[in-house]
Structure formats: C-alpha cells, structure tokens
Amino acid sequence: MRILAVADTESKYYYDCYTPGKLDGFDLILSCGDLNPEYLEFLATMSCCPVVYVRGNHDECYAQNPPGGCECAEDRLVVIDGLRILGLGGSHRYRKGENLYTEAQMRRRVQKLKFQIWRHGGFDLLLTHAPARNLNDLDTPTHRGFQCFRDLLDTCQPRFFVHGHVHMNYGVHIPRWSRYQNTIIINACDHYEFEA
C-alpha cells in the first residue's frame with residue numbers, strides 16, 4: 001500500500017504546483033492535522049483513494065466545516081484495505097481552545113478506545129497530531145508529546161506511528177523517520193510518502 005502522509009503546511013508540490021496525475025498511485029492519504037479543510041478536499045478530489053484525518057491544535061474550523069469527501073478517524077479505529085488505523089488528534093493544552101488536552105484527558109481518550117483495539121485485534125498505524133513523549137517531541141509546553149502515546153506503542157507495537165505538529169524547520173535534530181522498538185515513526189510535516 002502506497003501512502004501519502006501530510007501535516008501542518010499545505011505542500012506546494014501537491015497543491016500550488018499540482019499537475020494532473022501527480023496523486024495517482026497512492027492507495028491512502030493520511031492527514032495529521034493543522035491543514036485547511038479545502039486542501040484535504042482537494043487531495044480527496046484529485047486522488048482516487050481515501051483521505052483519513054485527525055484534527056490538529058489549529059483545526060477549530062473543522063467542527064463547522066469538516067473536509068468533505070474525507071474520513072475522520074478522531075477517537076476511532078478505522079480500517080482501510082485491511083490497514084487498521086487508530087486516530088487521536090490534538091496536542092498538549094497550552095492555552096484554552098479546542099483540540100488541546102492535558103495528559104490525563106488524552107489518557108482517558110485512549111482508555112475509551114481499548115475495546116475497539118481489542119475487537120480489531122490491535123492496530124497497524126497510530127495516526128495523531130502530536131508526537132509521543134520523548135520520541136521526536138520538544139521540551140516546550142506547546143510541542144511536548146503525550147506519554148500515553150508512548151504507552152500505546154509499548155503495549156500494542158503498531159507497525160507505524162504517523163504524527164505532525166513538530167515542524168521540520170524547528171531544528172536540524174528533528175528526524176523525519178525513526179524507529180522505536182518495532183514501530184516506524186514518521187513526522188508527516190508538509191508531506192511524506194511511504195509503503196505499508
């Protein structure tokens with residue numbers, strides 16, 4: 001399965017410089033949040049594959065204007081062509097607003113998904129906006145990762161963990177791709193292509 005993951009900034013390559021056929025060959029598009037809903041609708045329209053998304057910390061408009069033609073994986077386990085995707089959007093609470101959670105609030109969201117995880121025999125891909133704690137996050141209130149995501153990786157060991165939120169230009173030490181135990185971690189900022 002060929003996957004395009006996007007997050008945080010609309011990719012000029014797939015949007016401003018789009019040419020017909022550029023999105024051909026993808027089986028799935030994943031959005032890790034903080035993207036204009038019109039951009040996701042564009043990707044859904046121009047590609048011949050599902051677009052699955054979670055919300056980022058700046059996606060307050062999604063409540064009134066969700067991206068049309070796309071599937072929200074927020075607080076759900078969705079299955080696309082046999083790939084089990086668990087979705088948890090948002091980031092650490094650093095101000096008042098939607099899509100911002102304390103560690104305890106995110107842990108409760110994860111707890112509510114335990115039955116879905118069990119019923120599906122686990123999951124293959126964790127789709128989030130924020131990273132996991134001490135795995136490609138930053139030690140600032142706005143870009144700290146969630147410990148409960150790391151706990152999920154320890155317990156369920158999915159094949160992939162795809163997130164955004166930590167932009168690549170925040171520092172040269174930020175990896176695009178890394179591994180934690182049996183899980184490949186991908187920072188989808190702007191765009192990243194991979195095979196599952």
Side-chain angles (χ1 to χ4, degrees), residues 3 5-8 28-37 39-41 43-44 49-133 135-137 142-166 183 185-189 196:
I3 299 173
V6 295
D8 302 301
L28 175 64
I29 298 175
L30 299 172
S31 170
C32 298
D34 280 358
L35 293 167
N36 190 313
Y39 175 62
L40 295 187
E41 291 173 0
L43 294 176
C49 65
V51 176
V52 177
Y53 71 91
V54 293
R55 294 184 296 268
N57 56 304
H58 297 298
D59 289 333
E60 291 90 356
C61 68
Y62 280 35
Q64 287 75 38
N65 184 27
C70 304
E71 184 167 0
C72 181
E74 201 72 50
D75 298 312
R76 298 177 50 215
L77 196 154
V78 298
V79 181
I80 306 291
D81 289 336
L83 186 73
R84 301 165 297 175
I85 303 165
L86 186 71
L88 289 158
S91 72
H92 258 284
R93 181 175 294 281
Y94 60 91
R95 61 171 169 80
K96 291 184 178 179
E98 296 178 33
N99 308 317
L100 298 164
Y101 304 92
T102 64
E103 179 72 39
Q105 289 171 324
M106 187 61 79
R107 192 168 291 282
R108 283 192 295 273
R109 291 176 68 195
V110 170
Q111 195 63 32
K112 290 178 181 177
L113 290 167
K114 294 286 185 175
F115 177 74
Q116 286 187 58
I117 295 169
W118 172 81
R119 188 170 54 113
H120 285 90
F123 59 95
D124 304 301
L125 190 148
L126 177 60
L127 179 66
T128 69
H129 180 62
R133 185 69 181 131
L135 293 174
N136 308 335
D137 66 341
T142 52
H143 292 92
R144 184 180 323 125
F146 287 102
Q147 180 62 44
C148 59
F149 291 172
R150 189 170 179 146
D151 296 343
L152 260 179
L153 298 181
D154 287 336
T155 304
C156 299
Q157 298 196 17
R159 290 170 47 209
F160 298 98
F161 172 35
V162 183
H163 70 83
H165 194 51
V166 180
T183 303
I185 302 173
I186 294 168
N187 183 337
C189 185

So, Asp137 and Arg144, do they make that salt bridge, N to O below 4.0 Å?
no

Note, Leu152 side chain near Val110 side chain (heavy atom, < 4.5 Å)
yes

Counting C-beta onward and ignoring hydrogens, is there a side-chain heavy-atom pair between Ile185 and Val162 closer than 4.5 Å?
no

For His165, what residues pass the ring pair (Phe, Tyr, Trp, His ring centres under 6.0 Å) criterion, not counting sequence neighbours?
His129, His143

With the side chain counted from C-beta on, respond yes when Pro66 and Tyr53 share a heavy-atom pair under 4.5 Å apart, and no when they do not.
yes

Between Glu41 and Gly68, is there a donor-acceptor pair closer than 3.5 Å when you use the side chain of the first and the backbone of the second?
yes

Would you check, one step at a time, whether the test side chain to side chain contact (heavy atoms under 4.5 Å, CB included) holds for Phe161 with Leu135?
CA-CA 11 Å; Phe161 172 35; Leu135 293 174; 5.6 Å; no

Look at the side chain of Asn187 and the backbone N and O of Val166, then say whether any donor-acceptor pair between them is shorter than 3.5 Å.
yes

State, without any angle test, whether Asn99 and Tyr62 hold a side-chain donor-acceptor pair at a distance under 3.5 Å.
no

Could you go step by step and tell me if Val54 and Ser31 meet the side chain to side chain contact (heavy atoms under 4.5 Å, CB included) rule?
CA-CA 6 Å; Val54 293; Ser31 170; over 6 Å; no

Residue pairs passing the salt bridge (Lys or Arg N to Asp or Glu O under 4.0 Å) test with at least one member in residues 87-96, sequence neighbours excluded, are Glu60-Arg95

Report yes or no: is the cationic atom of Arg133 (NZ for Lys, CZ for Arg) under 6.0 Å from the centre of the six-membered ring of Phe149, at an angle within 45° of the ring normal?
no

Salt bridge present between Glu103 and Arg108 (N-O < 4.0 angstrom)
no

Does some side-chain heavy atom of Glu71 sit less than 4.5 Å from a side-chain heavy atom of Val51?
no

Minimal non-hydrogen separation, Ala5 against Ala188, with atom names
CB-CB, 3.6 Å

Using the side chain to side chain contact (heavy atoms under 4.5 Å, CB included) rule, take Leu100 and Ser91 through it: C-alpha gap first, then chi angles, then the decisive distance, then the call.
CA-CA 5 Å; Leu100 298 164; Ser91 72; 3.3 Å; yes

Hey, could you give me the CZ/CD distance between Phe123 and Gln157, rounded to the nearest 0.5 Å?
10.5 Å

Non-hydrogen side-chain atoms of Ile117 and Cys156 separated by less than 4.5 Å
yes

For the student: nearest non-hydrogen atoms of Gly164 and Cys32, plus distance:
N-CB, 3.7 Å

With a 3.5 Å distance limit and no angle check, can you tell me whether Gln116 reaches the backbone of Leu113 through a side-chain donor-acceptor pair?
no

Are side-chain heavy atoms of Leu35 and Asp8 found at a separation under 4.5 Å?
no

Let's go through Ile29 and Ile3 carefully: what are the C-alpha distance in whole Å and the side-chain angles of both, what is the deciding distance for side chain to side chain contact (heavy atoms under 4.5 Å, CB included) to 0.1 Å, and is it a yes or a no?
CA-CA 6 Å; Ile29 298 175; Ile3 299 173; over 6 Å; no

Could you go step by step and tell me if Arg55 and Asp34 meet the salt bridge (charged side-chain N to carboxylate O under 4.0 Å, His left out) rule?
CA-CA 7 Å; Arg55 294 184 296 268; Asp34 280 358; over 6 Å; no

Donor-acceptor under 3.5 Å (Arg109 side chain, Glu74 main chain):
no

Give a yes or no on whether the backbone of Phe160 and the side-chain of Thr183 come within a donor-acceptor separation of less than 3.5 Å.
no

Cys148 SG to Asp154 CG distance, which is reported to the nearest 0.5 Å
12.0 Å

Do the ring centers of His92 and Phe146 come within less than 6.0 Å of each other?
yes

Paired with Leu30, the side chain to side chain contact (heavy atoms under 4.5 Å, CB included) test is passed by just one of Leu125, Ile80, Leu83, Ile186, namely Leu125

